[in-house]
Amino acid sequence: MKDVIFGAHILEILTTGMYQDSKVIYREYIQNSSDQIDKAIRDGILKQGEGSIKIWLDREKRTIAIEDNATGISAEEFQSTLLNIADSDKKIGENKGFRGIGRLCGLAYCKQLVITSSSKGENIVSILVCDAQKMRRFIDEHARGKKHTANEVLQSICRFEQKEEKNIDSHFFKVDLIDINSENTDLLDFQQVKDYLSFVAPAPYQSSFNYRKKIYKHANDLGTIIDEYNITLNGEPIFKKYTTVLKDVTDTKYDEIFDVHFKDFFDADDRLFAWMWVGLSQFKKAIPPKNNPMRGLRLRKENIQIGGEDSLQKLFKESRGNSYFVGEVFAVDKGLIPNSQRDYFNENRARIDFERELKKYFNEELQKVYYAGSEINSAYRKIDSFEKKETDFKAKDANSTFIDSAHRKHELKSVQDSEKEAEAAQIKIEKAKGKADSLTQRVISQIEAERAKSVAKSVSPKSKALESAKLSRQRDKLSKYSKNERNLISKIFRIISAAVDAETADKITKKIEEEL
């Protein structure tokens, strides 16, 4: 049998062609560093909490540096570890990365990739310099018919060096991406990178997120660990940016997470395969993407995000379902294996079982919650609308600001119609409360607790107020005009009243009166 040839295109597939978002380079290198920090702790090189991953961006020099203080790679293993492709010693289910291809991803986004490392007990710093531009030229030639093997390309673009390390206790692994491509300038944008890492990286929750301790406790009660690492970007610590405040598109608070709810998923043998927390709010509406970067149920494995905010959206019957929630699903089962792009899981039995159970929970439990929240909020808005109309009507009656009896009759009819809608809404609320389960009842109770307590007294259209109303507005304010002029002005006021809502009509009428 002849030797198998891997053409240069395999390098294009593993670098440029592998990912849609260039920012995945941060995730890939952080993932490798996290695995090595775990190993360094197991080997006694680091104590728990001593591991660190430091990322440095230099927009002016167009460089990125990612460095950890984990095991490093020994001089003896340095070349084989970094040159061999898809030949990692890591194991599925034990390590976050295991394919042995992630270190190559940076070649797609810079002119030169430099990897430097030293392991504890050695006085050697091993260096690999890769000419990324040259690699892309080889791949282009290959595509145009001048064939190159992947081995030829790697041998041609890679150069190994060594230098003395005076501190034999030094242990680190560092990746330098030099001269970032002009089309990948976003990799040097501090805020964009920070926002990306704030949800993708295995970072701690920010301390202002009130429910983080509750989440840690639940994980601990289940006997699981949420992997977290000290990650900094230009010296600034990275945290998961969860908060309790939900904002609308004008950056104004419209709702709030008042608690978190947990759901654990077990297989037929009673083994935990996933668990999740979900934020409970009043579910007033789907959470707008603007000003709410945390929205959506995020899928995580070893606390690294799988895909984007919408990776679980397909499990909801309605595509909008995921956008009502804030929360995280932690996949635990070793059979749930992230695919090479790390945007979902490989298709296997574990994934089928995982999806079946999550679909059931999302569509039988969570859907009821946001449906009930939406329905109850809508019903209370109708009741509130009636109360406001009734209050406004009384105020106009008290101030004699109706244009004439026809105007007042029209407004009273609007109050009466609104009252009927409010009565129907109240019946709907009672029905919803009657069939609510405990989770939904918590949401309804919160809506009722937060709702304004002021309830205006009912206006009866049959009350004496109708007969005793003082319609003196025109007489008081238009008395200087002739009868014909007053009639004309009143007619204009009635047209305005019929054409726009009552509040707008009142504003326009007052403005005209001021000008007159």
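Only this structure's heavy atoms are used, side chains among them; waters, hydrogens and symmetry mates stay out.
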Under a 4.0 Å N-O cut-off, is there an ion pair linking Asp221 with Lys217? yes
Using the salt bridge (charged side-chain N to carboxylate O under 4.0 Å, His left out) criterion, which residues pair with Glu411? Sequence neighbours excluded. Lys396
Can any side-chain N or O of Asn230 pair as donor or acceptor with the backbone N or O of Gly49 at less than 3.5 Å? yes
Phe265 vs Tyr361 aromatic rings, parallel, tilted or perpendicular, using cut-offs 30° and 60°? perpendicular
Could you walk me through whether His218 and Trp275 pass the ring-ring contact (aromatic ring centres under 6.0 Å, His included) test, one step at a time? CA-CA 9 Å; His218 188 80; Trp275 65 278; 5.6 Å; yes
What residues form a ring pair (Phe, Tyr, Trp, His ring centres under 6.0 Å) with His261, not counting sequence neighbours? none
Which residues share a salt bridge (charged side-chain N to carboxylate O under 4.0 Å, His left out) with Lys284, sequence neighbours left out: none
Counting N and O atoms only, with roles assigned by atom type, does the side chain of Arg62 sit under 3.5 Å from a partner on the main chain of Leu188, one being a donor and the other an acceptor? no
Could you pull out all residues at least two apart from Lys314 that satisfy salt bridge (charged side-chain N to carboxylate O under 4.0 Å, His left out)? Glu355
Of Arg300, Arg212, Lys301, the one forming a salt bridge (charged side-chain N to carboxylate O under 4.0 Å, His left out) with Glu328 is Arg300
Residue that, paired with Phe354, satisfies side chain to side chain contact (heavy atoms under 4.5 Å, CB included) out of Val329, Asp333, Val332, Asp267: Val329
Which residue in the set Ile53, Ile231, Ile226 passes side chain to side chain contact (heavy atoms under 4.5 Å, CB included) when paired with Pro202? Ile231
Sub-4.5 Å side-chain heavy-atom contact between Phe190 and Glu236: yes
Hey, can you tell me if Phe199 and Tyr242 have their rings parallel, tilted or perpendicular (30° and 60° cut-offs)? perpendicular
Fit a plane to each ring of Phe316 and Phe362, take the angle between them on a 0 to 90° scale, and name the class: parallel (under 30°), tilted (30 to 60°) or perpendicular (over 60°). parallel
Judged by modelled atom types alone, do Arg351 and Asn348 share a side-chain donor-acceptor pair under 3.5 Å? no
Could you tell me whether Asp392 and Lys389 have a side-chain N and a carboxylate O separated by less than 4.0 Å? no
Are any non-hydrogen side-chain atoms of Tyr196 and Val24 less than 4.5 angstrom apart? yes
So, using salt bridge (charged side-chain N to carboxylate O under 4.0 Å, His left out) as the criterion, who are the partners of Lys428 when residues are at least two apart? none
Between Arg349 and Asp353, does at least one N-O distance fall below 4.0 Å, as a salt bridge requires? yes
Given side chains that start at C-beta, do those of Gln282 and Tyr380 come closer than 4.5 Å, heavy atoms only? no
Between Ser34 (side chain only) and Ile30 (backbone N and O only), is there a donor and an acceptor less than 3.5 Å apart? yes
Pairs in or reaching into residues 245-263: which pass salt bridge (Lys or Arg N to Asp or Glu O under 4.0 Å), with residues at least two apart or in two chains? Lys214-Asp259, Lys247-Asp251, Lys253-Glu256, Asp259-Arg442
Any side-chain heavy-atom pair from Phe345 and Ile337 closer than 4.5 angstrom? no
